[in-house]
Structure formats: structure tokens, C-alpha cells
Amino acid sequence: MFKEELKLVPHKPGSYQMIDKNGVIIYVGKAKDLNKRLHSYFRGTVTGKTALMVSEVDHFTYIVTKTETESFILEINLIKKYNPKYNILLKDDKTYPYIEYISKPYPMLKVSRYISVNKSMKKTLFGPYPNAYAARRIVNLINRLYPLKKCEGMPKDVCLFYHIHECLGYCQKNVSEEKIKTMENEILSFFKGNDKIIIDKIMEQIDFFSNNLNFEKALELKNELDYINYILDKQKVQTNDFVNKDVIASYIINNYLSIQILFIRSGKLLGSHNNIINIIENETDELSSYIYSFYLKHEQPKEVLVEENVDIKILSELLNNIKFICPLKGNKKELIKLCKENAKISLENDIDRFKNDEKRVFEANDNLRKFLNLDSLYRIDAFDNSNLFGSFSVGAMVVFKNGKPSKKDYRKYKISVEKNDDYHMMKEVIYRRYYRALIEKTELPNLIIVDGAINQINACKETLNSLNINIKVCGLKKDNNHKTKCLIDGDTLNEIDLTSNNDVFNYLTRIQDEVHNFVINYHRTIRDKGTLKSMLSNVNGLGNKRINELLKKYGSINKIKDASVEQLSKIIPENIAIELKKYLE
């Protein structure tokens, strides 16, 4: 196989692309030596998912680079561009919550889920906290112990938090800078490792409420103290410094690789991240690619401890804000051992479930392909629409790739058709989706599923024909109880009974439920905003344009109500802002 083509491959670094008979790139890899790596696929013994991938290869291409680092970067960029179905790089896009301290213009503490910070906003992030509940509970406790700013916007008068001594009354603008500085120092000191300062503060409050016979409040704080002590005890870890670091180790069984990451901040173990991937390349390449992808999406600590099977040289070049260390002895080596043990336990506990889930999803997707006589079935686009008696019409698309939802590809559509007309609603959504795909030359699906019967299928097919696009279309028909009943083939209009194949039936039901819930949630949001518009239109001087500007800025009645007349006057005339405040109050 490919005997003559392989002879021409040079012994140089670069990236290679595996392509199927439809001309679709199904895998992108990299190599120090392209010749040796490609020979290993077609002249060596391959098993598992690697063998499956090779069986689908019609031909391959490659791009030579000057260095191995360049091949690494090229591989990442090509994966982003083509999203090949056999590449597994950070399969979950989950981000972890952080605790965010904002010093200016007023001190606030909250839970955030982003890394990119506007430096002018004077924010400090602590985390990540894989346990979101713990992060929220810590923030709520500190907000209770310290008079930080609690409300959104800037109220005209002091609120309840001021009267119960949980806010310094920042809206009065005469707050002591010295008080703020003292409070800030204590809070930041706690997050940097000084546990005693918060524990003493809680004990002080418990004594105060007990002495004033408020035993209910004292008990509440006692429970909080027990929780904080429990969390701090779990976070104990042996380190010789307070440098923010991650520890990464892996464990492999056959072609299944378990990757474990421990997050250590200010000498405390905040939590961990684990993922199991099915590798195609060698362990070092897969692990290095995973680490690089992970830190493109997450916080980059000052140092990362890794095992010898990680390519430190390349990662240090690409992630130059991180110091990668491969410890040989001492506490750092012990942390690596602890991390590896966790990777081993996770894989041993989850490998059967992982294999079964992977097999079930793959087989369901492949059986659906066979049902419909498709050459390949990698991507499915599923559509549903919703309206309320012809008002607030919306549409939505969800995407499944290799049997799994690809949430970053989901799309929502606000439909211009203002009547209860499923046929034209579907036509509008399909046209907007695929006209844009043609213009931007983005990925097209192998199958389109519409939530509905022949009417929606015809609307979809007519629109695709007008765009000169040939994609298989099917419809999902429901029974009288609104449950998935059967699949309608868009070419023959035959109803395919799926009840004999539970895997395919459950798979399609999941797709139908996913798109239905997605469009209903969007419809509810649009409907609520429509109700809000109707309410605001009762204020003299507020037309559609001004209402839209208010909604764009504030988004909800409560936030508009919390805004001052001065703030509202930046969007609408002052006299109308005064009327609006009176109306809302």
C-alpha cells in the first residue's frame, strides 16, 4: 500500500495529512522524520483506532518544515482549520471557574469563568477551582465577612447591605480609602496562603453573635468554619514554595492515555483535571499536543512539573511564559508520583466505561450511516424552529460530530417571518445557514436532520437546491405523545422504523431533544425580552430605538432599575430617564 509514494517522502520534519476517498482530511499529524512516521502506518503493525483510521485513507499529503517546532505549530493550525475526525486534542472545552477580585472602581469579589482580563479594570484572578460549589461558597463567605460592594450598577441611595454592615456605602462616594486598603490586604492575604486571617475573622463573628444571643447566626458561621477547615485540610500538599504550579502526569493502557493535571496555588492543591484520550501517534506527541492545547485555553501558571515523556524543549518555545520542569528528586518528584497515581486510578476505574461509551456512540453513528446508505457520516446538522402564535419566531441548529455534540458549532437564528408558518421559517434558517457557509467556505455536513415531517423536508431541500448544494436530508417525526417515532428519508419520503435498533433510536432521540431544548431556551429569552419591550413602551418618550439601546446596555429590568438617572441619561434624555425611574419604582 502506497509503496511508491512512501519512497518519495523525505527524512525531514513536517506535518502530514491523511485524506479519505471523498477528499476530506481525516487526520493531521507531525513528525521529526516524515518518512519513518508514514512508513509506520502503512508498513508497520497498527491496532485499534489507528488501524481504523488507516483503513479509511485514500491518499496522504505532507508539508516539510525547517524544524520540529514549526511542524508542531503547523499541525495545531491545520487541526484548527480542518477539524479532522480522528484528531483528539482537548475533547472537552470545559473551562474552570476562578475567584476574581476587582479593586477599581470599587472592591468586589465574584466567581468568573474567563482568563482574558482587561488590565485597566484592576482585576486579580485566583484559581482555577475545579469544584465550582467550593468557589461560590468561599466568595459568599468573604462577601459576608467583609463590606465589599455587592450590587450591580450604582444605586441612588444606600441599600440593605449597607444597613446590615455588609457594604461601606460606595454609592455615597465618601468611603475611607484606608478601610478599603485594610480589607483588600486581608482578602488577598487569604488567597495567597494566609488561612488564619479568615478563620480568626469567622471566630470573631461567632463570638459576637453568641454574646448577643443570636445563636442562629453563630451556628451558620460555625458551619462555614467547619467547611473552610475541611477544604483547607483537603488542599494540604507538600511544597517548599508558594509558586503557582501545575503538575502533569499520564498513564497508558494499550492505546488509552489518561492525563492528570493537579492545580497547586500558593502551596495549596485547589483540584485536578483528568481526561482519557485514544491515541493514534506516540505517547510523547499526543501528550505534548494536549498540554499545548490545554494552556491555550486555560491559565498559564509560573511553572509546570512534567514527566520525562513530555517534549519540554518544544513546549518551552511555544509557551514561553511557563517554566517546564522535569524533577528528578525531592518534593516535586513526589508530586509527579502522586499525579501519576491519580492518572492510573482514573484510567483503571473508567476505561471500561470509556470504551463502552466510545463503542456505543461510534456504532450508533455508523449504523445510521448504513441505514441511509451514506459513504461517510462525520457531521450532522440538526434544525428546529419555535414561535408563539406567530410571534417571537426563532430557529436553532445543533451539530454532532462523530456522534458527539460540538457545542461551539451551535447557532441561533432570529427569524423575520412574523406568522405561524413552519415551511417558510425553515426555508429562511436553511438559506441563512448554508448561504453563509458557501460565502465563508466553512465545513458542510454529511446529513441534515429537520425536526418535522415532509413539509420541513421539502422546505430544506428546495432551499438547498436553490443554492446548488447536495446534502442528504431527513426528518424526525414524533408520535402523539411528542416522542421520537421514526426517521423520514428525504429522498424517498419513506418512514424508517428505528425501534428495532435501540442505539440508533436513542442517538436520534438525543439529537432531537438537544436541538429542541436549545431552540426553546433561545425562544424563551427572546420572548422575555419582547415582554420587557412591551413594558418599557408604556413610558412616554421610549420608542423601539431607545428601548433597544437600554436592553443592549442593561439586558434586564432589575439592572435598568438599579441604574441611576445619571447613568440612564447617557442613553436617553434626562427627563425620560426620570420618568422611567418613577415608572419602575
Side-chain angles (χ1 to χ4, degrees), residues 92 94-103 106-115 117 123-152 159-168 170 180 182-210 214-237 239 242 244 246 261-274 298-299 301 342 558:
D92 51 35
K94 176 174 64 177
T95 58
Y96 293 107
Y98 288 74
I99 292 178
E100 176 183 359
Y101 178 77
I102 304 169
S103 60
Y106 305 102
M108 296 181 71
L109 196 71
K110 64 180 183 178
V111 175
S112 298
R113 276 190 180 268
Y114 57 84
I115 301 300
V117 178
K123 301 176 183 179
T124 306
L125 293 179
F126 299 94
Y129 286 84
N131 186 336
Y133 171 77
R136 287 193 297 270
R137 190 158 174 178
I138 290 170
V139 165
N140 290 338
L141 175 62
I142 293 177
N143 268 312
R144 189 173 175 180
L145 295 175
Y146 290 95
L148 296 161
K149 188 174 185 296
K150 309 291 195 299
C151 57
E152 295 289 338
C159 60
L160 176 64
F161 289 113
Y162 174 79
H163 294 295
I164 62 174
H165 309 295
E166 289 189 12
C167 177
L168 292 178
Y170 301 97
I180 293 177
T182 300
M183 176 173 62
E184 182 177 289
N185 288 339
E186 290 185 7
I187 293 171
L188 295 182
S189 177
F190 166 72
F191 283 113
K192 291 176 180 177
N194 185 0
D195 306 330
K196 186 174 183 297
I197 200 160
I198 292 296
I199 292 172
D200 289 347
K201 193 86 173 175
I202 298 173
M203 289 299 301
E204 181 184 311
Q205 292 271 21
I206 291 174
D207 291 341
F208 172 80
F209 286 120
S210 296
N214 192 340
F215 300 115
E216 185 178 347
K217 288 282 187 182
L219 181 59
E220 283 180 21
L221 286 169
K222 172 64 169 57
N223 291 335
E224 293 296 334
L225 180 62
D226 290 343
Y227 182 75
I228 286 291
N229 283 328
Y230 169 73
I231 289 294
L232 294 177
D233 186 60
K234 285 186 69 177
Q235 291 177 345
K236 287 179 181 176
V237 63
T239 60
F242 290 93
N244 289 345
D246 288 350
I261 305 177
L262 305 180
F263 306 118
I264 299 175
R265 302 294 182 268
S266 301
K268 297 177 184 176
L269 177 61
L270 295 189
S272 64
H273 165 90
N274 177 262
H298 296 77
E299 178 205 16
N342 278 278
N558 287 334

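Quick note: numbers below take in every heavy atom, side chains included, and nothing from hydrogens, waters or symmetry partners.
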Donor-acceptor contacts under 3.5 Å from residues 198-210 side chains, at least two apart:
| unit_1 | atom_1 | unit_2 | atom_2 | d |
| --- | --- | --- | --- | --- |
| Asp200 | OD2 | Lys196 | NZ | 2.6 |
| Ser210 | OG | Ile206 | O | 2.9 |

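- In this structure, Tyr96 and His273 have perpendicular ring planes: the angle between them is above 60°, well past the 30° mark.
- Atom NZ in Lys192 sits 11.5 Å away from atom CG in Asn194 (nearest 0.5 Å).
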Dump the intermediate steps for side-chain contact (heavy atoms from CB on, under 4.5 Å) on Phe126 and Leu188, then the final yes or no.
CA-CA 9 Å; Phe126 299 94; Leu188 295 182; 3.6 Å; yes
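- For the pair Lys110 (side chain) and Met108 (backbone), a donor-acceptor distance under 3.5 Å is absent.
- With contacts defined as side-chain heavy-atom distances shorter than 4.5 Å, the pair Ile99/Leu109 qualifies.
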Take Arg265 and Glu299 through the side-chain contact (heavy atoms from CB on, under 4.5 Å) test and state the conclusion after the steps.
CA-CA 12 Å; Arg265 302 294 182 268; Glu299 178 205 16; 3.1 Å; yes
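- Annotation: the span from Ile228 atom CD1 to Ile138 atom CD1 amounts to 5.0 Å, rounded to 0.5 Å.
- One distance of note links OH of Tyr101 with CG of Leu148; it measures 6.5 Å at 0.5 Å rounding.
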Start with the C-alpha distance between Ile102 and Thr124, add both sets of side-chain angles, then the distance that settles side-chain contact (heavy atoms from CB on, under 4.5 Å), and finish with yes or no.
CA-CA 6 Å; Ile102 304 169; Thr124 306; over 6 Å; no
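- Closest approach of Pro130 to Leu270, counting heavy atoms only: CD-O, 3.7 Å.
- Within the 4.5 Å cutoff, no side-chain heavy atoms of His298 are placed close to those of Pro128.
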Let me see the working for Glu216 and Asn214 under side-chain contact (heavy atoms from CB on, under 4.5 Å), right down to the final yes or no.
CA-CA 6 Å; Glu216 185 178 347; Asn214 192 340; 4.1 Å; yes
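- The CG atom of Leu145 sits 9.5 Å away from atom CZ of Phe190, with the distance rounded to the nearest 0.5 Å.
- Ser266 and Asn244 make their closest contact through N-OD1, 3.1 Å (heavy atoms, listed as atom of the first residue, atom of the second, distance).
- Counting all heavy atoms, side chain and backbone alike, Ile264 lies closest to Asp246 at N-OD1, 4.3 Å.
- A salt bridge is defined here as a Lys NZ or Arg NE, NH1 or NH2 lying under 4.0 Å from an Asp or Glu carboxylate O, and Arg144 with Glu224 fails to meet this definition.
- Residue Leu269 holds its CG atom at 5.5 Å from CG of Leu262, rounded to the nearest 0.5 Å.
- Remark: Lys149 NZ to Asn143 CG distance equals 11.5 Å, nearest 0.5 Å.
- Of all heavy-atom pairs spanning Val111 and Pro97, the tightest one is CG1-CB, 3.7 Å.
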